[in-house]
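In what follows, a single structure is set out as structure tokens and then discussed.
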Protein chains: 2
Amino acid sequence: MSPVPTLSDVAKLAGVSLATVDRVINRRPNVRAHTVERVRAAMAALDYRVDPLAAGLARRKRYKFVFLLPGGTNAFMADLAARLESLTGWLTANRASVETVFADVFDPKRLVEAIDGIDREADGAAIVALDHPDILAAIDRLSGDGVAVVTLVSDVPKSQRLRFIGIDNTAAGRSAGTLLGRFTAGRAGTVALLVGSLSLRDHVDRCLGFSQIVERNFPHLTVLPVIETRDERNRAERAAKDVLGEHPDLVGIYNVGAGNVGIASALRAGATAIRPVVVCHELTPGSVEALRAGQFDAILAQNPGHEVRSAARVLLACASKTGVVEEQERIRIDIFIRENLPA
Amino acid sequence: MSPVPTLSDVAKLAGVSLATVDRVINRRPNVRAHTVERVRAAMAALDYRVDPLAAGLARRKRYKFVFLLPGGTNAFMADLAARLESLTGWLTANRASVETVFADVFDPKRLVEAIDGIDREADGAAIVALDHPDILAAIDRLSGDGVAVVTLVSDVPKSQRLRFIGIDNTAAGRSAGTLLGRFTAGRAGTVALLVGSLSLRDHVDRCLGFSQIVERNFPHLTVLPVIETRDERNRAERAAKDVLGEHPDLVGIYNVGAGNVGIASALRAGATAIRPVVVCHELTPGSVEALRAGQFDAILAQNPGHEVRSAARVLLACASKTGVVEEQERIRIDIFIRENLPA
DNA sequence: CTGAAAGCGCTTACAG
DNA sequence: CTGAAAGCGCTTACAG
């Protein structure tokens with residue numbers, strides 16, 4: 001017997017053929033209970049584990065996955081798409097291909113159409129979704145048709161998705177609250193809260209976490225009513241300008257959604273006595289530049305490269321019935337200040 | 001031709017045998033320049049890429065790696081060892097095994113012995129090293145004997161190591177300086193700086209980055225002379241107690257090395273009017289508890305799971321001559337506050 | 001310098 | 001319900 005036991009070793013020990021061992025390992029039907037037992041015992045005795053390389057090679061199948069991402073100009077989403085693009089080499093090496101579809105996330109009808117339009121022959125799909133009943137239903141239809149679904153970045157918790165790949169957004173909001181609160185160093189005043197849309201679950205969760213922390217731990221800060229920017233740069237700029245103009249006691253801005261370039265530009269235009277503390281989300285050229293320039297104070301982030309790799313690994317593991325290294329798939333809430341920005 | 005081109009497709013197109021194509025792909029000797037050209041052209045025309053599964057299966061070789069970690073009670077290092085342990089499944093699946101060796105990092109002589117003792121038949125080694133001339137020489141001997149070396153956590157920059165897997169420690173020190181400086185919210189006073197040892201490159205680098213930032217950006221803070229703790233819990237506790245007793249104006253503590261449990265306990269014993277801001281390194285049960293309890297304010301961390309996986313992937317890629325996803329191997333400086341602690 | 005053949009450890013039809 | 005044989009896409013001796 002070789003140093004590492006093989007299928008043949010198991011077959012020999014159990015006194016059956018290779019095909020039968022294969023049936024037991026892969027839980028295929030038509031094996032007598034008694035035979036299953038014998039094979040199981042032999043596997044246990046030898047501490048046998050299948051060789052994924054050999055199994056992958058022998059299985060002729062190639063896998064197909066679909067990634068459904070938001071269209072539009074959102075820099076983070078563009079980054080996500082780019083990371084996915086650069087993952088194709090790895091995917092090909094693992095006998096998989098991916099089709100990327102872009103859809104308008106802000107419009108439930110279109111998103112439903114896009115989900116319903118996903119090829120039912122696909123082995124899996126990763127979807128940046130809106131938490132809306134119609135979307136939930138569409139995801140469940142897709143899943144019911146045998147396509148494994150993971151939600152990416154923004155979750156639809158009650159759907160039949162296999163798993164959510166993204167950060168805990170309530171915790172991210174709480175982190176933003178603590179950083180902003182502490183960085184204001186005791187100054188009293190108002191704080192502006194900008195979001196892309198109140199119909200996006202991740203944005204709402206961040207608002208919740210933020211408000212909780214500020215109310216409890218920083219009573220000298222008053223959070224202004226939420227402003228929606230639709231994740232558009234111009235609207236974010238307008239909102240920041242208004243807020244800077246109308247509230248001379250503004251000590252902080254938390255931008256939950258996109259549009260950071262607009263905020264930086266508003267900050268440049270309307271210089272105040274003491275610059276407000278600014279906390280935002282995602283490493284994009286605009287946000288990084290503002291952090292470097294000292295206009296922003298902290299960036300909360302999720303790693304888009306990690307997210308697409310995680311989605312791909314999870315879908316592949318599901319399709320090929322192999323395991324997942326749980327710890328590796330946990331997406332962390334990254335905190336960046338000027339000093340720990342990646343090179 | 002299949003949807004994805006294979007070796008046979010290339011061989012057919014180039015009018016040569018499989019073996020010859022294999023020689024060209026793997027840069028084996030004894031192929032006429034002209035033949036090489038023909039094969040290269042065919043590969044390019046078909047956009048051929050080798051199937052790593054098939055190649056891995058056909059190559060009968062199994063890989064052996066050695067991980068050299070510090071012995072002792074350091075909680076982070078114990079975590080690192082545990083993560084490595086739980087990676088064995090993945091390693092086996094990839095035809096690799098690892099031997100873990102523990103050595104005293106604080107003693108150059110012993111460390112040299114340990115490095116010299118590494119099996120020259122091994123395909124690669126990951127070493128948590130001390131940046132010392134004798135260690136450098138030992139690493140270069142190992143590397144010269146054909147064992148690929150990566151340094152882990154602490155680098156020996158001028159050695160022949162393939163790559164360093166860890167964080168930028170100067171940047172980590174700068175991050176600590178900014179967080180501690182901003183969290184003190186303008187209060188003036190002294191700051192204590194504890195390190196494990198000034199002969200550890202990572203510790204010294206952190207001190208450097210920290211001092212730079214504090215001097216430049218927080219002139220109202222005075223950094224006290226560095227205290228060495230040898231990464232021992234009791235010495236750290238003693239140091240913290242002394243500093244708390246002797247400096248009523250202490251506003252901050254930065255612990256560069258291990259021994260966080262000792263510091264937390266000193267903090268509990270010697271209650272001061274305003275608790276000093278505490279920044280430390282690594283997520284360990286003790287540091288996490290202190291952060292949760294509000295005794296510590298921030299933890300800088302490197303992800304030990306990521307680090308051992310990265311080391312394993314890099315060594316495996318080197319041994320099997322396959323590629324590395326650069327972006328995936330970059331170890332980030334994680335910042336944790338109570339709110340973004342992993343679940 | 002080049003090629004024919006065996007084999008890596010599985011899975012897949014097909015036959016019984 | 002079970003097995004014999006072919007084959008997945010490479011690499012490895014061996015022969016010439």
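Owing to the predicted nature of the structure, the values given are computational and were not obtained by experimental measurement.
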Can you find a side chain N or O atom of A:T20 that sits less than 4.0 Å from OP1 or OP2 on D:dG3?
yes
Heavy-atom nearest nucleotide on DNA chain C taken for B:R60 and for A:L18; more 5' hit belongs to B:R60
Is A:R59 close enough to D:dG7 that one of its side-chain N or O atoms is under 4.0 Å from OP1 or OP2 there?
no
Rounded to the Å, how far apart are B:L7 CG and C:dC8 P?
19 Å
Worked verdict on B:R120 versus B:D145 for salt bridge (charged side-chain N to carboxylate O under 4.0 Å, His left out):
CA-CA 7 Å; B:R120 263 44 188 176; B:D145 286 347; 2.7 Å; yes
Just wondering, more than 12 heavy atoms not from B:K158 lying within 6.0 Å of its NZ?
no
Please give the nucleotide sitting opposite C:dA15 as a Watson-Crick or G-U wobble pair, both distances under 3.5 Å, or none.
D:dT2
Taking atom types as modelled, find out whether A:T6 and A:D9 have a side-chain donor-acceptor pair closer than 3.5 angstrom.
yes
Side-chain N,O (A:S17) to OP1/OP2 (D:dG3) below 4.0 Å:
yes
5' precedence on DNA chain C between B:V16 and B:A58 (nearest-nucleotide basis)
B:V16
Could you give the CZ-to-C1' distance, from B:R95 to C:dC8, as a whole number of Å?
7 Å
I would like to know whether A:L7 and A:I25 meet side chain to side chain contact (heavy atoms under 4.5 Å, CB included); could you show each step before the answer?
CA-CA 10 Å; A:L7 242 205; A:I25 288 172; 3.7 Å; yes
Measure CG/B:N26 against C1'/D:dG9 and give the value in whole Å, please.
13 Å
C:dT11 C1' sits how many Å from A:R27 CZ, rounded?
17 Å
Out of C:dG9, D:dT2, D:dG9, whichever nucleotide has its closest atom nearest the side chain of A:A54:
C:dG9
Send over the distance from B:D51 CG to C:dC8 C1', rounded to a whole Å.
13 Å
Could you tell me the separation between the NZ atom of B:K61 and the C1' atom of C:dC8, rounded to a whole number of Å?
15 Å
Please report the distance, rounded to the nearest Å, between CZ in B:R28 and P in C:dC1.
16 Å
Does C:dT2 have its OP1 or OP2 closer than 4.0 Å to a side-chain nitrogen or oxygen of B:T35?
yes
Touch check for B:A19, heavy atoms < 4.0 angstrom, all strands: base, sugar-phosphate only, or nothing?
base
Determine, for B:E329 against B:R309, whether the closest basic-nitrogen to carboxylate-oxygen distance falls under 4.0 angstrom.
no
Examine D:dT2: is either OP1 or OP2 under 4.0 Å from a nitrogen or oxygen in the side chain of A:R32? Give yes or no.
yes
Length of the CZ-C1' vector between A:R62 and C:dT12, whole Å:
16 Å
Is any side-chain nitrogen or oxygen of B:N30 closer than 4.0 Å to OP1 or OP2 of C:dT2?
no
Side-chain contact check for B:Y48: nearest option of C:dT11, C:dT2, D:dC10 is D:dC10
